[in-house]
Colleague: 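Let me begin by handing over the structure; questions about it come next.
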Amino acid sequence: MKKICLIGGEGIGIEVVDAAYKVLTELAPQKIEIIKAYAGDQAEKMFGDTFPQETKEAIDDSNAILFGATHTKAKNVLLYLRFGLDNFANIRPCKLYKGLRTPLKDVNNIDFLIIRENLEGLYSVIRLGEGNIQELVKKEIISEDKYQRFFKSSNGHYAIKIITEYESKRIAKLACEKTVERKSQGFQGKLTIVHKSNVMMATDGLFKEISYSIAQNYIKKYKIKINDYYVDDMARRLIRFPEQQDVLLTINEYGDILSDLGSELVGGLGVTPSACIGSKHPYFEPVHGSAPDIAGLSIANPIAAILSLKLLLEHLGLDEAKLLEDSIKQYFLLLENFKENWRYIPKDLVPKIYQQQNKFAKTEQITQKIIDILNKI
Ligand code: IPM
Ligand code: MN
């Protein structure tokens, strides 16, 4: 029996996790125990706290968590899921399913993974905070004389970027293992390290050097290939050569940016899931945010959350993952005929003209369609 904790969070996070809940109860009711937990506004109303003890206990008691999204009050829960639990690897698959549209011409075979280091890099500021540049003067890290242009106005801030050997090693190891796993599934077995070591020689340089050194064993033993690109070059390559990509290993902030780009290559944020793993309590969430502008309107696309659920089930080794993916694959084929099927397709996936005519499905109808397909397979 696996325990799965579901947390909507904020905005459309609540609606899309609710959709995933419905799918999950159809899919594997005997094999799982579902624990619903609350964060942010919802939790505050129920327990008087945005991150109540009940939620922490539910997380700590589960084998995996599905999280919706956050923008303000539920952020502390997200921080706990990432940093508190030590989920150091953020895996973001970019897969173009048949039926989905890429904005690129003459491209139809995109299937790569972005593996984003999840706890440090420039986002170390989440834990360390930022500071005023005057502090750097006081600590004699920089002198005002030498860097006058920073002090032309009275106010300036700095942020800290940290790359450690420890974190780089374990994320590189995980990325190598994923590359080997994919090779055995028929992918190229190519690991691409993405960095900016020409500018950030110490930090990104360390990340690159460690990634290469960890990969050596895997190259010898499993014949994986390895290469590296600067992050700016990589952004271009994702657009120019998306079909050549296999596994990308990168630093936190670059992974954040490239995964949004990657998402857009394969149908957009409405259909891209992610997995944050590393601890005993891995968590899964759509790449999209809480979309406050459409929250509560029941028009959110639940597919990214449902695909995140698929990653969760896969991670727990439950066969239902395959059944769920097959259903979603079949669902995506509906996108080949908008005229007939628009009633089942979310707003972000129908053509503009349909959007203007209000011809698209509500969250509930999309979820029901996926369940109907599921039950027929
Ligand atoms: C994401 C989000 C988060 C991140 C924010 C909300 C901190 O953009 O999951 O990609 O950058 O990790
Ligand atoms: Mn992001």
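As the structure lists them, so they are numbered: ligands from 1, and atoms in each ligand from 1. These numbers come from a predicted model, not from an experiment. When a residue number appears, it is its place in the shown sequence, counting from 1.
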Colleague: Counting only heavy atoms from other residues, nucleotides and ligands, does the tally under 6.0 Å from CZ of Phe338 exceed 12?
Modeller: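 Above 12, so yes.
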
Colleague: Does the pair Tyr80 and Phe51 meet the rule for a ring pair (Phe, Tyr, Trp, His ring centres under 6.0 Å), with working shown?
Modeller: CA-CA 10 Å; Tyr80 178 68; Phe51 186 6; 5.5 Å; yes

Colleague: Identify each donor-acceptor pair in which a side-chain atom of residues 128-139 lies under 3.5 Å from a protein atom, sequence neighbours left out, and give them as a table.
Modeller:
unit_1	atom_1	unit_2	atom_2	d
Asn132	OD1	Gln134	N	2.9
Asn132	ND2	Asn155	OD1	3.0
Glu135	OE1	Tyr158	OH	2.9

Colleague: Check the orientation of Tyr283 and Phe67. Use parallel for under 30°, tilted for 30 to 60°, and perpendicular for over 60°.
Modeller: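 Perpendicular, since the angle between the ring planes exceeds 60°.
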
Colleague: Sorted by chain and residue number, which protein N/O/S atoms are under 2.8 Å from the Mn ion (ligand 2)?
Modeller: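 Asp256 OD1, with waters left out.
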
Colleague: Can you name the residues that form a ring pair (Phe, Tyr, Trp, His ring centres under 6.0 Å) with Phe112, not counting sequence neighbours?
Modeller: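 Residues passing ring pair (Phe, Tyr, Trp, His ring centres under 6.0 Å) with Phe112: none at all.
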
Colleague: Taking the six-membered ring for Trp, are Tyr230 and His195 parallel (under 30°), tilted (30 to 60°) or perpendicular (over 60°)?
Modeller: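 Judged by the thresholds at 30° and 60°, the geometry between Tyr230 and His195 is perpendicular.
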
Colleague: From the options Thr203, Asp204, Asp232, select the one residue that forms a side chain to side chain donor-acceptor pair (under 3.5 Å) with Lys196.
Modeller: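 Only match with Lys196 under side chain to side chain donor-acceptor pair (under 3.5 Å): Asp232.
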
Colleague: Measuring from atom OG1 of Thr102 to atom CD of Glu243, what distance do you get when rounded to the nearest 0.5 angstrom?
Modeller: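 Answer rounded to 0.5 Å: 9.0 Å.
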
Colleague: Can you tell which of Leu311, Leu313, Leu307 makes a side-chain contact (heavy atoms from CB on, under 4.5 Å) with Leu309?
Modeller: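 Testing Leu309 for a side-chain contact (heavy atoms from CB on, under 4.5 Å) against Leu311, Leu313, Leu307 leaves exactly one candidate, Leu313.
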
Colleague: May I have a table of the N/O to N/O pairs between ligand 1 and the protein that fall below 3.5 Å, each row giving the two atom names and the distance to 0.1 Å?
Modeller:
unit_1	atom_1	unit_2	atom_2	d
ligand 1	8 (O)	Asp256	OD1	3.4
ligand 1	9 (O)	Arg82	NH2	3.0
ligand 1	9 (O)	Arg92	NH2	2.8
ligand 1	10 (O)	Arg92	NH1	3.0
ligand 1	10 (O)	Arg92	NH2	3.2
ligand 1	10 (O)	Arg116	NH1	3.4
ligand 1	10 (O)	Asp256	OD1	2.9
ligand 1	11 (O)	Arg116	NH2	3.3
ligand 1	11 (O)	Asp256	OD1	3.4
ligand 1	11 (O)	Asp256	OD2	3.1
ligand 1	12 (O)	Arg82	NH1	2.5
ligand 1	12 (O)	Arg82	NH2	3.1
ligand 1	12 (O)	Arg116	NH1	3.2
ligand 1	12 (O)	Arg116	NH2	2.7

